[in-house]
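Data first, discussion second: the structure below is written as structure tokens.
In what follows, chains carry the letters A, B, and so on, assigned in the order in which the sequence lines appear, proteins first and then strands, with residues in each chain numbered from 1.
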Amino acid sequence: MRLFNKSQTLYQRYNMANVLTSKDKDYAQWYNDLVIKADLAENSAVRGSMVIKPYGYAIWEKMQAELDRMFKETGHVNAYFPLFIPKSFFSKEAAHVEGFAKECAVVTHYRLKNDENGKGVVVDPDAKLEEELIVRPTSETIIWDTYRKWIQSYRDLPLLINQWANVVRWEMRTRLFLRTAEFLWQEGHTAHATSKEAIEEAERMLGVYAEFLENFMAIPVLRGVKSESERFAGAVETYCVEALMQDGKALQAGTSHYLGQNFAKAFDVKFATKEGTNEFVWATSWGVSTRLIGALIMTHSDNNGLVLPPKLAPYQVVIVPIYRKDEEFEKVNATALEIQTTLRKAGISVHYDHRDTYKPGWKFNEYELKGVPVRIAIGPRDLEKNQVEMARRDTLEKSFVGIDALPNTVLEVLENMQKSLFDKALERTRQNTYSVDTWEAFQDAVKNRGGFIKAHWDGTAETEKIIKDKTKATIRCIELDAPDEEGLCVFSGKPSKRRVIFAKAY
RNA sequence: CGGGGUGUGGCGCAGUUGGUAGCGCACCUGGUUUGGGACCAGGGGGUCGCUGGUUCGAGUCCAGUCACCCCGACCA
């Protein structure tokens with residue numbers, strides 16, 4: 001077994017030089033390079049909007065498939081609501097409009113015409129919309145306007161609907177996957193007869209997200225609730241899962257909101273109870289977005305490129321044939337095809353790259369950049385010994401495996417890698433989650449150490465704001481299982497009943 | 001919206017005191033190669049972001065304008 005990562009610098013010198021910026025040198029640049037070089041996405045002609053390329057989209061499709069399965073397993077169905085929302089809908093829920101007004105794209109006209117000077121097309125001023133349309137930044141308003149018509153009786157409840165959609169939030173500054181003007185997501189919107197049911201739903205879906213992130217994406221998360229100032233615009237309570245990235249910054253990976261009766265009241269959605277009274281329904285909404293791809297990258301990847309957990313990889317194994325002449329290729333190809341079939345029968349997704357237009361070394365680097373979990377190289381020397389060379393992406397270890405043992409060995413490695421990626425990320429998160437008790441130590445921790453900082457907070461928005469202004473750290477969440485612990489606010493010195501999680505965030 | 005930067009073949013860049021555009025990668029053809037991003041030979045491709053000005057002559061100087069990137073404030 002050869003361990004390249006023990007002599008990483010030498011390895012890189014002759015191998016990956018000039019491909020990716022080193023993580024240690026410039027983490028943000030490393031991230032950008034990786035997204036581009038791994039062929040996940042690129043910037044488009046429209047500022048802040050990205051093209052998700054086939055390889056990146058394949059990862060999103062894997063996520064969608066699993067999440068969709070989980071949503072359906074918990075009783076939800078999919079539907080689709082319009083992209084355009086009448087402007088008037090937005091003003092119906094005060095907090096909601098307040099939260100989103102500053103980043104809405106607005107459709108004002110519905111027609112173009114040829115420019116009179118013969119230069120291209122211009123907006124036809126005669127085609128002004130009576131009521132302007134908002135491009136959805138989220139769908140609560142249009143959905144609740146619709147739910148009013150769907151809900152009359154307790155027998156219509158609970159209403160458990162999800163939609164897969166794109167949304168637009170006109171952000172000042174954007175970054176591929178992490179924050180773009182348009183992004184893809186799913187948004188669940190549910191209606192319930194009681195507050196208790198709605199809270200249970202919000203908590204259930206937070207659990208679904210946590211399970212998905214941890215078991216599927218191998219990303220450990222904290223489960224918690226947001227402070228008032230970080231709460232979703234229009235929610236009574238916002239639950240969240242927060243993950244810690246390799247650079248010590250937190251990333252909100254998913255949110256689930258208990259909306260109380262806010263939207264029901266704003267859109268007049270009432271139902272007849274068994275007892276014959278009329279009551280407003282109780283609501284939730286919850287979502288995760290293509291931002292998760294950013295979380296994926298920043299949790300597992302390294303200086304050689306993307307590292308994908310096997311459950312998410314568009315293909316789990318790539319086979320690279322090695323040969324000199326046509327006769328050699330014939331033999332290698334025959335065996336490679338057999339291996340491909342065997343692995344596929346074992347339920348493993350396999351890509352066999354027999355292109356003659358790239359050399360093996362080029363392919364090795366390419367698939368490392370793309371994070372394919374297992375690479376199998378097979379050449380004439382292997383044929384003689386009835387073996388292949390197997391390389392594992394996360395550790396960069398290479399080993400020789402007998403062809404007969406292949407499917408089982410690969411399955412073991414994939415399983416092991418899935419677990420190992422999670423364990424590694426969990427260990428990193430644990431080592432970077434720590435308590436701080438004084439203001440000096442807090443400032444130092446935010447500035448020099450990063451990570452999840454557990455500190456006492458007096459519970460006021462004022463203190464939270466001052467801490468944010470002074471340190472750039474925000475309250476990521478109040479952990480659901482945070483133990484009661486008397487203490488003094490790290491900033492104000494006022495009494496606090498438990499610690500909350502502070503971090504710098506994406 | 002403030003600060004900084006950049007616009008030159010597909011990508012990354014060079015271009016001196018103004019003289020009519022070049023390099024690397026990629027691409028195409030042929031050959032040799034193929035176990036960690038091969039090599040040789042030949043070839044194609046750019047009205048230099050846009051508009052105007054100065055000049056015999058502008059990638060280069062001037063003015064304006066647009067776009068994008070990075071750093072802040074705002075946000076998933």
Side-chain angles (χ1 to χ4, degrees), chain A residues 2 4 10-20 26 28-29 32-33 36-37 42-49 98-104 119 137-138 167-187 209 226 229-233 238 240-243 250-257 285-295 304-305 320-326 328-329 332 354-369 375-383 388-389 391 396 398 400 468-469 472 474 476 505-506:
Chain A
R2 282 164 284 166
F4 274 122
L10 180 65
Y11 175 59
Q12 282 167 0
R13 193 175 306 140
Y14 75 82
N15 188 24
M16 294 300 294
N18 305 321
V19 175
L20 289 181
D26 186 343
Q29 193 57 46
N32 287 335
D33 286 357
I36 302 294
K37 296 284 169 54
E42 63 188 36
N43 283 305
S44 76
V46 182
R47 191 196 72 88
S49 300
E98 169 72 21
F100 286 105
K102 283 171 287 181
E103 49 189 28
C104 284
K119 298 208 169 182
T138 180
V167 286
V168 169
R169 295 179 187 176
W170 214 262
E171 300 288 348
M172 302 284 190
R173 266 188 71 201
T174 58
R175 290 191 66 193
L176 293 167
F177 289 115
L178 295 173
R179 177 165 300 110
T180 47
E182 178 189 2
F183 58 91
L184 304 184
W185 76 348
Q186 57 69 216
E187 47 182 325
Y209 290 152
K226 287 292 187 188
S229 49
E230 295 273 333
R231 199 174 287 156
F232 174 74
T238 288
C240 63
V241 280
E242 295 278 331
L251 187 136
Q252 179 175 302
T255 52
S256 173
H257 316 290
S285 67
W286 29 273
V288 295
S289 72
T290 38
R291 189 183 217 205
L292 285 179
I293 295 175
N304 292 325
V320 177
I322 291 154
Y323 54 91
R324 289 168 194 276
K325 294 165 185 152
D326 285 352
E328 275 184 4
F329 175 71
V332 169
H354 56 265
R355 287 178 297 178
D356 191 36
T357 46
Y358 293 94
K359 290 181 62 181
W362 189 93
K363 293 176 185 173
F364 290 177
N365 287 296
E366 181 70 7
Y367 292 112
E368 258 163 39
L369 261 175
R375 182 185 70 234
I376 288 173
I378 174 163
R381 295 207 297 269
D382 299 314
L383 290 185
V388 297
E389 182 195 74
L396 299 170
K398 291 183 184 181
F400 292 102
K468 184 184 176 184
D469 291 345
K472 305 225 190 298
T474 51
R476 299 324 304 152
Y506 275 97

Check the distance between [N]'s [atom2] and [X]'s [atom1] and give it to me in whole angstrom.
{"X": "Asn43(A)", "N": "rG12(B)", "atom1": "CG", "atom2": "P", "result": "11 Å"}
{"X": "Arg175(A)", "N": "rC68(B)", "atom1": "CZ", "atom2": "C1'", "result": "16 Å"}
{"X": "Arg173(A)", "N": "rG4(B)", "atom1": "CZ", "atom2": "P", "result": "16 Å"}
{"X": "Arg355(A)", "N": "rG37(B)", "atom1": "CZ", "atom2": "C1'", "result": "12 Å"}
{"X": "Leu383(A)", "N": "rU34(B)", "atom1": "CG", "atom2": "P", "result": "16 Å"}
{"X": "Trp362(A)", "N": "rA38(B)", "atom1": "CH2", "atom2": "P", "result": "10 Å"}
{"X": "Tyr358(A)", "N": "rC25(B)", "atom1": "OH", "atom2": "C1'", "result": "12 Å"}
{"X": "Glu42(A)", "N": "rC68(B)", "atom1": "CD", "atom2": "P", "result": "15 Å"}

Phosphate-side-chain proximity, Lys472(A) and rG72(B), N/O vs OP1/OP2 below 4.0 Å:
no

Should Lys359(A) be listed as having a side-chain N or O under 4.0 Å from OP1 or OP2 of rA38(B)?
yes

For [N] and [M], measure between their [atom1] atoms and round to the nearest Å.
{"N": "rG12(B)", "M": "rC68(B)", "atom1": "C1'", "answer": "16 Å"}
{"N": "rA38(B)", "M": "rA26(B)", "atom1": "C1'", "answer": "15 Å"}
{"N": "rC74(B)", "M": "rG44(B)", "atom1": "C1'", "answer": "49 Å"}
{"N": "rC48(B)", "M": "rG59(B)", "atom1": "C1'", "answer": "5 Å"}
{"N": "rG9(B)", "M": "rG4(B)", "atom1": "P", "answer": "26 Å"}
{"N": "rC62(B)", "M": "rC27(B)", "atom1": "C1'", "answer": "39 Å"}
{"N": "rA41(B)", "M": "rC50(B)", "atom1": "P", "answer": "36 Å"}
{"N": "rG42(B)", "M": "rU6(B)", "atom1": "C1'", "answer": "36 Å"}

Out of [options], which nucleotide sits closest to the side chain of [X]?
{"X": "Tyr323(A)", "options": "rU34(B), rG36(B), rG37(B)", "value": "rU34(B)"}
{"X": "Asn32(A)", "options": "rG36(B), rC70(B), rG35(B)", "value": "rC70(B)"}
{"X": "Arg381(A)", "options": "rG35(B), rC70(B), rG36(B)", "value": "rG35(B)"}
{"X": "Arg324(A)", "options": "rU34(B), rG35(B), rC1(B)", "value": "rU34(B)"}

Pair partner, [N] [Watson-Crick or wobble, under 3.5 Å]:
{"N": "rU32(B)", "value": "rA38(B)"}
{"N": "rU55(B)", "value": "none"}
{"N": "rC68(B)", "value": "rG5(B)"}
{"N": "rC48(B)", "value": "none"}
{"N": "rU17(B)", "value": "none"}

For the [atom1] atom of [X] and the [atom2] atom of [Y], what is their distance to the nearest 0.5 Å?
{"X": "Thr174(A)", "Y": "Met172(A)", "atom1": "OG1", "atom2": "CE", "result": "12.0 Å"}
{"X": "Lys102(A)", "Y": "Glu171(A)", "atom1": "NZ", "atom2": "CD", "result": "11.0 Å"}
{"X": "Lys359(A)", "Y": "Phe364(A)", "atom1": "NZ", "atom2": "CZ", "result": "11.0 Å"}
{"X": "Glu328(A)", "Y": "Ile322(A)", "atom1": "CD", "atom2": "CD1", "result": "10.5 Å"}

Hey, mind stepping through Asp382(A) and Phe400(A) against side-chain contact (heavy atoms from CB on, under 4.5 Å) and telling me if it holds?
CA-CA 9 Å; Asp382(A) 299 314; Phe400(A) 292 102; 3.9 Å; yes

Looking only at N and O atoms, is any donor in the side chain of Arg375(A) or the base of rG36(B) less than 3.5 Å from an acceptor on the other one?
yes

Polar pair under 3.5 Å, donor/acceptor by atom type, side chain Lys398(A), base rG35(B):
no

Indicate, with a heavy-atom threshold strictly under 4.0 Å, whether [X] touches base, sugar-phosphate, or nothing.
{"X": "Leu178(A)", "value": "base"}
{"X": "Glu366(A)", "value": "base"}
{"X": "Thr238(A)", "value": "nothing"}
{"X": "Tyr506(A)", "value": "nothing"}

Within the 3.5 Å criterion, strictly below it, is a donor on Arg476(A) or Thr474(A) matched to an acceptor on the partner's side chain?
yes

For Arg179(A) and Asp382(A), find the nucleotide of RNA chain B closest to each by heavy atoms; which residue's nucleotide sits nearer the 5' end?
Asp382(A)

So Trp286(A) and Tyr209(A), would you call those rings parallel, tilted or perpendicular, with 30° and 60° as cut-offs?
perpendicular

Are Glu242(A) and Lys226(A) ion-paired here, with the side-chain N under 4.0 Å from a carboxylate O?
yes

